[in-house]
Amino acid sequence: MALGEGLAAMLVRLGVSTTSDHASVVSINIFITLLCACIVIGHLLEENRWMNESITALLIGLCTGVVILLTTKGKSSHILVFSEDLFFIYLLPPIIFNAGFQVKKKQFFRNFMTIMLFGAVGTLISFSIISIGAIGLFGKMNIADMDIGDFLAIGAIFSATDSVCTLQVLNQDETPLLYSLVFGEGVVNDATSVVLFNAIQSFDLVHMDLKVTLHFVGSFFYLFITSTLLGVVAGLLSAYIIKTLYFGRHSTDREVSLMMLMAYLSYMLAELLDLSGILTVFFCGIVMSHYTWHNVTESSRVTTKHAFATLSFIAEIFIFLYVGMDALDIEKWRVVSNSPGKSLGVSSILLVLILVGRAAFVFPLSFLSNLAKKSPNERILFKQQVVIWWAGLMRGAVSMALAYNKFTNSGHTQIRANAFMITSTITVVLFSTVVFGLLTKPLIRVLLPSSMGRQNSLGSSEPPSPKSFLSPLLGHDDGSEVEAGGRGFQRPSSLRMLLTTPTHTVHHYWRKFDDAVMRPVFGGRGFVPFVPGSPTEPRVPTWE
């Protein structure tokens with residue numbers, strides 16, 4: 001009985017109609033069927049230069065919404081109602097974790113300062129431009145009563161890029177530099193936008209003074225640092241537990257289960273402590289791939305690699321199908337139906353502000369980043385900057401979730417100004433995902449034809465990513481990276497070397513610290529788990 005009540009409560013939270021058991025089962029069956037259709041059609045369009053599974057799922061969701069709208073005679077357009085809780089608690093964590101788990105860390109940390117510059121400083125620039133533009137332009141359109149908090153929330157909502165769609169339109173093997181910069185920036189950008197949004201919600205913006213401003217900035221950096229540290233600690237804890245107890249001697253299922261649960265626990269702890277779960281779970285994925293993944297048995301490595309990728313894949317399709325179906329929610333459009341021109345004007349203004357806001361930081365910050373790079377091969381070319389600008393224009397489920405959180409009550413709104421913002425958000429998300437998403441691959445082919453089908457020069461020395469479980473997740477070979485990959489590079493011996501070659505220098509000292517301190521405690525590459533009776537047993541010393 002309690003199980004049935006719990007299931008009903010979960011279905012209500014998911015937005016599934018629970019007027020009868022039969023209706024609930026029908027709704028769930030339809031949605032699962034649509035997910036299967038998205039996978040099949042996406043496979044058939046795999047070689048298409050324009051389409052990807054995100055856009056396919058979005059279009060299928062729209063078509064399904066139209067069919068439901070017609071069959072219900074305009075009463076409904078969806079079998080699920082968009083819920084920010086469902087998105088942030090169940091769908092986003094596996095996507096972000098798998099991205100951190102699969103990312104090429106050498107490429108990511110080589111461009112770490114540029115990624116942080118784009119993701120944090122760039123988001124603040126975009127946030128400022130969109131907020132100021134909204135204050136100046138929306139105030140003249142007489143939309144309705146909107147205060148300074150609403151305008152700043154709009155800036156945070158539309159500063160959030162769609163890192164999920166970036167995974168679909170960019171390939172880290174074909175364009176490793178672009179993938180590293182755009183996706184890495186997207187993760188930091190999403191975290192920054194969410195932190196900004198939450199800060200705006202909690203601060204008294206009407207009575208802002210220097211003290212409140214400093215408190216705001218301090219809270220912002222506190223959230224960033226603590227969220228990252230929590231993810232690192234969770235990843236190291238999982239590595240230590242698995243290395244110390246070597247679960248694989250009894251059951252590989254326990255290893256896989258513990259990795260999954262520890263990853264999800266890091267995210268939920270961050271949410272519980274009002275930190276950024278996005279940053280936490282992303283860095284937890286990086287640390288787990290660096291240490292924990294190498295501590296489990298070979299069969300567990302295969303299982304975890306496919307399990308994380310599968311969960312992420314399903315969640316991505318679910319999100320776009322979900323957004324596509326909810327886009328035609330008749331209740332929201334009915335509120336603004338008497339002012340279609342104004343609704344279109346709001347959407348157009350937001351798109352222009354997004355274009356301008358992103359250009360305002362991509363090109364200037366790329367110039368600053370290039371000034372700090374000595375090697376011409378490490379600099380971001382103008383054509384690459386154009387692709388970075390364009391690929392980051394897509395807005396997705398994060399913007400939708402934040403907009404619903406701010407401008408609706410349980411997914412619905414009857415307030416005219418709020419309805420304008422929700423319908424405009426839907427329009428911007430659909431237009432940017434379909435138009436900008438469709439044109440990203442062709443744009444790369446036109447501007448960077450040499451990068452398609454082969455490794456970028458910056459990523460040419462890297463081994464394959466963990467799409468093959470036998471491939472190293474670290475991007476180096478048992479400590480020989482400095483000697484093998486750095487021919488012609490003199491090891492740093494002074495502060496001058498640190499200033500002239502900071503990336504190589506920091507990496508050199510990190511490798512020494514990792515080999516001397518971290519790996520003996522937490523395991524990692526080169527560590528072979530002791531599994532009694534396995535072929536590795538004779539080669540692995542027993543543990544004290």
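All values below come from the heavy atoms of this structure, side chains included, with hydrogens, waters and symmetry mates left out. Here, residue 1 is the first one in the sequence, and each next residue gets the next number.
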Of the non-hydrogen atoms in [X] and [Y], which two are nearest, and what is the gap between them?
| X | Y | value |
| --- | --- | --- |
| Thr161 | Asp190 | O-OD1, 2.8 Å |
| Ala315 | Leu91 | CB-O, 3.4 Å |
| Ser399 | Ala160 | OG-O, 3.3 Å |
| Leu196 | Ala156 | CB-CB, 4.3 Å |
| Tyr267 | Ile278 | CE1-N, 3.9 Å |
| Gly285 | Phe97 | CA-CE1, 3.3 Å |

Is the Phe151 ring parallel, tilted or perpendicular to the Phe138 ring (thresholds 30°, 60°)?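 Aromatic pair Phe151/Phe138 classed tilted.
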For the backbone of [Y] and the side chain of [X], can you confirm whether one donor and one acceptor N or O come within less than 3.5 Å of each other?
| X | Y | value |
| --- | --- | --- |
| Arg395 | Phe431 | no |
| Ser312 | Phe308 | no |
| Thr425 | Met421 | yes |
| Trp389 | Phe361 | no |
| Thr423 | Phe420 | yes |
| Asn29 | Val25 | yes |

Please round to the nearest 0.5 Å and tell me the distance separating atom [atom1] of [X] and atom [atom2] of [Y].
| X | Y | atom1 | atom2 | answer |
| --- | --- | --- | --- | --- |
| Leu438 | Met394 | CG | CE | 10.0 Å |
| Leu365 | Ser369 | CG | OG | 8.5 Å |
| Ile380 | Gln385 | CD1 | CD | 6.0 Å |
| Met113 | Phe118 | CE | CZ | 12.5 Å |
| Ile154 | Leu353 | CD1 | CG | 9.5 Å |
| Ile115 | Asn111 | CD1 | CG | 5.5 Å |

Assert yes or no for the condition that the ring centre distance of Phe318 to Phe31 is strictly below 6.0 Å.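 Yes; Phe31 has its ring centre under 6.0 Å from that of Phe318.
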Close side-chain approach of [X] to [Y], heavy-atom, < 4.5 Å:
| X | Y | answer |
| --- | --- | --- |
| Ile157 | Phe407 | yes |
| Val386 | Phe363 | yes |
| Ile30 | Ile68 | no |
| Ile89 | Tyr264 | yes |
| Leu321 | Cys38 | yes |

Under the side chain to side chain contact (heavy atoms under 4.5 Å, CB included) rule, what do Ser276 and Val195 come out as? Steps first, then yes or no, please. CA-CA 7 Å; Ser276 172; Val195 169; 4.1 Å; yes
How about Met268: does its CE atom have over 12 heavy atoms from other parts shown lying under 6.0 Å from it?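 Buried by this count: over 12 neighbours within 6.0 Å.
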Applying side chain to side chain contact (heavy atoms under 4.5 Å, CB included), run through Val398 and Phe87 and close with a yes or a no. CA-CA 8 Å; Val398 173; Phe87 171 71; 3.8 Å; yes
Phe436 vs Leu443, test: side chain to side chain contact (heavy atoms under 4.5 Å, CB included). Steps then yes/no. CA-CA 10 Å; Phe436 298 148; Leu443 183 68; over 6 Å; no
Side chains of residues 123-132: which donor-acceptor pairs under 3.5 Å do they make with residues two or more places apart or in other chains?
from   : atom 1 : to     : atom 2 : distance (Å)
Thr123 : OG1    : Gly119 : O      : 2.4
Thr123 : OG1    : Asn189 : ND2    : 2.9
Ser128 : OG     : Leu124 : O      : 2.8
Ser131 : OG     : Phe127 : O      : 2.8

Going through the distances and angles, do Asp274 and Asn198 end up as a side chain to side chain contact (heavy atoms under 4.5 Å, CB included)? CA-CA 9 Å; Asp274 294 325; Asn198 292 333; over 6 Å; no
Could you list the residues that satisfy ring-ring contact (aromatic ring centres under 6.0 Å, His included) with Phe224, not counting sequence neighbours?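 Once residues adjacent in sequence are excluded, the partners of Phe224 under the ring-ring contact (aromatic ring centres under 6.0 Å, His included) criterion are Phe220.
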